[in-house]
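Per chain, numbering begins at 1; letters A, B, ... match sequence-line order. All values derive from a computational prediction rather than experimental measurement.
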Amino acid sequence: MPQMKRTPLACGAALERPFFARPTVTVARALLGKLIVHGNRAGRIVETEAYLGIGDGAAHSARGVTPRTRVIFGPPGFAYVYMVYGMHYCLNVVAEQEGQAGCVLIRAVEPISGIALPCNGPGKLTRALGITMKQNATDTTVGPIRLFTEDNGEVLRIRTSPRVGITKSSDLPLRFFIEGNPFVSR
DNA sequence: GCTATGATCATA
DNA sequence: ATGATCATAGCA
């Protein structure tokens with residue numbers, strides 16, 4: 001614990017709509033190091049994955065609008081939550097302009113406050129933050145899940161790799177994480 | 001209606 | 001490597 005000293009909680013500005021209205025990969029990288037807050041629980045995003053639209057076989061949005069994927073085609077900055085394997089929830093943040101598919105899976109966060117469970121995996125972090133389908137399709141700029149910059153001009157070392165746990169389009173380098181961070185998954 | 005398939009995780 | 005467990009999507 002002593003070796004990972006950080007400024008107490010330099011919570012900066014809330015992320016606004018234009019932050020999310022950018023290419024999905026840009027948003028996926030930009031979300032690293034940002035703070036995510038739900039109720040009294042807060043963490044720092046250390047690992048993300050980009051899921052594109054048509055053409056990305058691994059993305060839920062690959063085959064167009066369905067009841068489930070509707071939010072991914074909606075306004076940027078909204079939360080897309082879904083259940084995987086019948087027992088875990090995954091949290092995404094919608095990117096791109098409204099009408100364009102694209103979202104960013106939050107894969108791991110570093111606990112900052114109010115967190116009592118491991119956060120090094122997409123299913124674990126939703127559990128630790130108390131996120132369920134109730135938060136699906138909520139607006140992160142005004143809703144229960146909020147995102148903030150962390151005001152400590154630290155320059156992040158970002159690494160890239162293929163996405164985890166998928167079978168289609170598994171060669172694309174769309175996973176991003178903070179190099180050396182101990183809270184990255186696996 | 002029926003079935004296959006997971007953007008996972010814990011256990012062994 | 002395997003099992004838990006269920007919403008979604010595609011098809012009949």
Side-chain angles (χ1 to χ4, degrees), chain A residues 20 22-34 36 38 41 43-96 100-111 115-138 140 143-145 147 158-179 181-186:
Chain A
F20 305 102
R22 294 185 288 168
T24 308
V25 168
T26 302
V27 177
R29 298 178 68 102
L31 278 175
L32 292 175
K34 300 299 186 287
I36 179 169
H38 183 232
R41 310 176 212 193
R44 178 172 173 259
I45 298 171
V46 299
E47 177 181 351
T48 63
E49 278 178 2
Y51 285 88
L52 315 179
I54 312 296
D56 180 1
H60 292 165
S61 53
R63 286 176 299 280
V65 180
T66 67
R68 179 171 69 161
T69 63
R70 185 180 53 71
V71 58
I72 306 172
F73 290 83
F78 276 62
Y80 167 52
V81 185
Y82 68 95
M83 172 170 269
V84 256
Y85 295 102
M87 52 188 64
H88 302 287
Y89 298 107
C90 289
L91 169 67
N92 298 254
V93 181
V94 175
E96 307 279 351
Q100 283 266 337
C103 63
V104 176
L105 173 67
I106 311 301
R107 283 195 59 89
V109 308
E110 173 178 338
I115 291 179
L117 294 170
C119 293
N120 60 330
K124 294 196 236 177
L125 105 233
T126 53
R127 170 92 80 110
L129 288 170
I131 291 167
T132 68
M133 291 305 290
K134 283 198 171 131
Q135 283 71 250
N136 184 40
T138 59
T140 67
I145 302 171
L147 294 159
I158 298 177
R159 289 212 36 169
T160 300
S161 84
R163 294 172 292 183
V164 173
I166 56 173
T167 55
K168 300 165 204 155
S169 306
S170 55
D171 47 337
L172 305 178
L174 295 177
R175 171 173 175 251
F176 307 98
F177 56 97
I178 298 177
E179 183 173 68
N181 187 285
F183 297 95
V184 168
S185 69
R186 309 166 151 272

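C:dG10 is paired with B:dC2 under the criterion used here, namely a Watson-Crick or G-U wobble arrangement in which both key atom distances are under 3.5 Å. Pair assignment for C:dT5 gives none, since no Watson-Crick or G-U wobble pairing has each distance under 3.5 Å.
Here CG of A:D171 is found 9.0 Å from CZ of A:R163. Values are rounded to the nearest 0.5 Å.
Atom-to-atom, CG of A:L91 to P of B:dT8 comes out at 13 Å; the value is rounded to the nearest Å. A:Y82 has its OH atom 6 Å from the P atom of B:dA7, to the nearest Å. Following rounding to the nearest Å, A:E47 (CD) and B:dT8 (P) show an atom-to-atom distance of 10 Å. Whole-Å rounding puts the A:H88 NE2 to C:dA7 P distance at 14 Å. When the C1' atom of B:dA7 is taken as reference, atom CZ of A:R175 falls 12 Å away, rounded to whole Å. B:dT8 atom P lies 12 Å from atom CG of A:L125, rounded to whole Å. Separating the OH atom of A:Y89 from the P atom of B:dC9 is a distance of 14 Å, rounded to the nearest angstrom. To the nearest angstrom, P of C:dA9 lies 16 Å from OH of A:Y85.
At a threshold of 4.0 angstrom between heavy atoms, the contacts of A:I166 are confined to the sugar-phosphate backbone, with no base atom among them. Heavy atoms of A:R163 sit nowhere under 4.0 angstrom from any nucleic acid atom. Looking at heavy-atom distances under 4.0 Å, A:G123 makes contact with sugar-phosphate atoms alone, never a base.
Of the two residues contacting DNA chain C, namely A:M87 and A:M133, the nearest-nucleotide position lying further toward the 5' end is that of A:M87.
Judged by ring centres under 5.5 Å apart and planes tilted less than 30 degrees, A:Y51 stacks against the six-membered base ring of B:dA7.
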